[in-house]
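A quick write-up on the structure given underneath.
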Number of protein chains: 2
Amino acid sequence: MKQSKIPKATITRLSIYYRQLELLESNFSYMISSEKLALLCQVNSAQVRKDLGYFGEFGVRGVGYNVIELQKEIKKILTLDREWNMGIIGIGNLGSALMQHQNLPARGFEFVAAFDNDPNKIGQITSTGLIIRDINELDSLVKELKIEIGIITTPPSVAQQVADKFLESHVYALLNFAPRRIFVPECCLVENIDFSVKLDILTYKLRKNMIV
Amino acid sequence: MKQSKIPKATITRLSIYYRQLELLESNFSYMISSEKLALLCQVNSAQVRKDLGYFGEFGVRGVGYNVIELQKEIKKILTLDREWNMGIIGIGNLGSALMQHQNLPARGFEFVAAFDNDPNKIGQITSTGLIIRDINELDSLVKELKIEIGIITTPPSVAQQVADKFLESHVYALLNFAPRRIFVPECCLVENIDFSVKLDILTYKLRKNMIV
DNA sequence: CATTGTGAACTCATTCACAGCG
DNA sequence: CGCTGTGAATGAGTTCACAATG
C-alpha cells in the first residue's frame, strides 16, 4: 500500500466500483476485467486499474479480478467493514426521507438519534422508531450512542449553528444537505450535497449544448 | 465571451457564488471583492476571477464587483433567468421531500408533474397539489406541460427504465438520485446525486485522518 | 495470451504574479 | 492605490502504452 497522494476522485470511484460489484455478485459473476468494470462504471479501464493500484494488487494478470475478493478489499479501503452511527439534525421532509432509506443500514450506516428544535416535533416518534430529541441533548447522546457522523438537513439559515453544535459534541464528520457552505476547523470533515447546484449545472449545459 | 474549454468545476462554483451573492444582497452589501467572495465560498481569489473571466469582465479594477450586477450576470450564464419545468418519477419519501423543497420554485425550478408506477399512489394528490400520474402518461404530459428536466427518485432497480422513458419522451436532462449509473446517448445530460458515495468518502477520510 | 500494474506522456485545473486600469 | 483580468507556471488527475506475469 503506497498511499502517495490519492486523488479524491479515486475514492468516489471506489465507492461506485463497490456498488457495481455488489450488483455483479447478485448476478453470479465470478470474475471481472478492468475493461468490463470500467464500461459499467463509465470510466476508462486504466483508471480502474490505477485507482485499485493505489491500494494494492488485487487482480490476476490475464484473468481479471475476483468479484467477491475485490468487494472485500474495497470494503476495507473505505472502512465499510464496520458499523457507523449517525445523528441527524433537522427532521423535515428530507431528514425523514433519509432516515427511511433502506440502503443505508444495509451498508452499515445507522441513524441512532434524530434532533430538531421545533417543540412540536420533539418527543414524537419517527417512522423508524426514533424519538425526536431536543438539540440540547446532542452532547450526551453522542457519547452514549457513539455517534461519529452528523447529518445536517436543516434550513440553510441554521446550518452553521448546527455544525458548531456537532463540533462541540466532538462529531468531526459532517454530511451537509443545506445549500450553504459551512465553516469548520481543519480537524473536521465536511461533505456537501447540494442538488440545486446540480440543477444549475443541467440548465447551463442544456443551453450550451443548444438542446434548448 | 471566450468560451474556450471551461472546467466543469467552474460551473459548480458559479452556482455557489450565485447563492452567496443572494445572501450578500439580503445583507445589503453593495460591492464585493474577489478576495472576500472567495473567502465566503472557500476558494482561492484568483479562482473566482478566472471563473468569471471565462464569461466576461464584470468587475471594476480597484473596487470589486457590484453584488446585484454580478448576480444578474451569473443568472444569465447558468440560464437561471427563466422558468424550468420538471417532471419527477418515483414519489417515495425522497421524491416527496424534493417536491416540498421551498427553494426550488423560488429559483425558477417548478415541479409540474409527478409519476409513479404504484397503483395505490396513482391518482393521489401530493402535498404540493399535483396528481400522481401513471408513467404511461409521461409522454403526453411532457408535451403538454413542456417538461425539460427529469428527476429520478425511484429505487435503483428501475432507474434505467425510467431514464429510457424520459428519453423516449424527449426529456434530455436528468437528475438521478438512484445510486446506480444510468446509460444514455450522447445527446442526453445526466447529473448524479448519490449520498451513499458521500458517506463512503467520509468514512474513508475518517480512518485516513486517524480521527477514528 | 489476455489482462494486470505502472512509469511516462499528456490533458485539464488551479494558483501565482504582475501588468493594466478605474 | 487597490483590485481586476490574465498569461505563465505549477500542480493534479487521466490516459497511453507496454513490460510483466499467472
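Lettering of chains follows the sequences in order, A, B, ..., and the numbering in each one begins at 1.
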Item to check | Phosphate OP1/OP2 of C/dT14 contacted by B/R13 side-chain N/O (<4.0 Å) | outcome: yes
Checklist entry - So do the side chains of B/E191 and B/L174 get within less than 4.5 Å of each other, counting heavy atoms only? => result no
Checklist entry - Just checking, is any N or O donor in the side chain of B/Q71 or B/E25 under 3.5 Å from an acceptor N or O on the other one? => result yes
Checklist outcome for this item: Of C/dA17, C/dT6, D/dT15, the nucleotide closest to the side chain of A/R49 is C/dT6
Item to check | Candidate nucleotides C/dG5, D/dT4, D/dT15, ranked by approach to the side chain of A/A46 - the nearest | outcome: D/dT15
Item to check | Separation of atom NZ in A/K8 from atom C1' in D/dT14, rounded to whole Å | outcome: 18 Å
Next on the checklist: I'd like to know if A/R61 reaches the base of C/dT4 with its side chain such that a donor and an acceptor end up less than 3.5 angstrom apart.
Outcome noted: yes
Checklist entry - In whole Å, what is the span from the CD atom of A/Q47 to the P atom of C/dT4? => result 14 Å
Checklist entry - Roughly, in whole Å, what's the span from CG in A/L14 to P in D/dG13? => result 14 Å
Next on the checklist: Between A/V43 and B/K50, which residue's closest nucleotide on DNA chain D lies nearer the 5′ terminus?
Outcome noted: B/K50
Next on the checklist: Before you tell me yes or no, could you show the steps for B/M86 and B/I147 under side chain to side chain contact (heavy atoms under 4.5 Å, CB included), namely the whole-Å CA-CA distance, both residues' side-chain angles and the distance that decides it to 0.1 Å?
Outcome noted: CA-CA 5 Å; B/M86 310 192 293; B/I147 293 170; 5.6 Å; no
Next on the checklist: In whole Å, I'd like the distance from the CG atom of B/L52 to the P atom of D/dG5.
Outcome noted: 7 Å
Checklist entry - Considering heavy-atom distances to DNA chain D, does A/V60 or B/I32 have its closest nucleotide positioned more toward the 5' end? => result B/I32
Next on the checklist: Taking only side-chain N and O atoms of B/S34, does any of them lie within less than 4.0 angstrom of OP1 or OP2 on D/dC3?
Outcome noted: no
Checklist entry - Any side-chain heavy atom of A/Y65 sitting closer than 4.5 Å to one from A/L52? => result yes
Next on the checklist: Nearest whole Å is fine: how far is C/dG5 C1' from A/Y65 OH?
Outcome noted: 7 Å
Item to check | Separation of C/dG22 P from B/F58 CZ (nearest whole Å) | outcome: 17 Å
Checklist entry - Nearest-Å distance, CD (B/E57) to P (D/dG5)? => result 6 Å
Item to check | Rounded distance in Å - CG (A/N66) to P (C/dT4) | outcome: 13 Å
Next on the checklist: Determine whether B/I152 and B/V162 satisfy the following criterion, side chain to side chain contact (heavy atoms under 4.5 Å, CB included), listing intermediate values before the conclusion.
Outcome noted: CA-CA 7 Å; B/I152 301 174; B/V162 160; 3.8 Å; yes
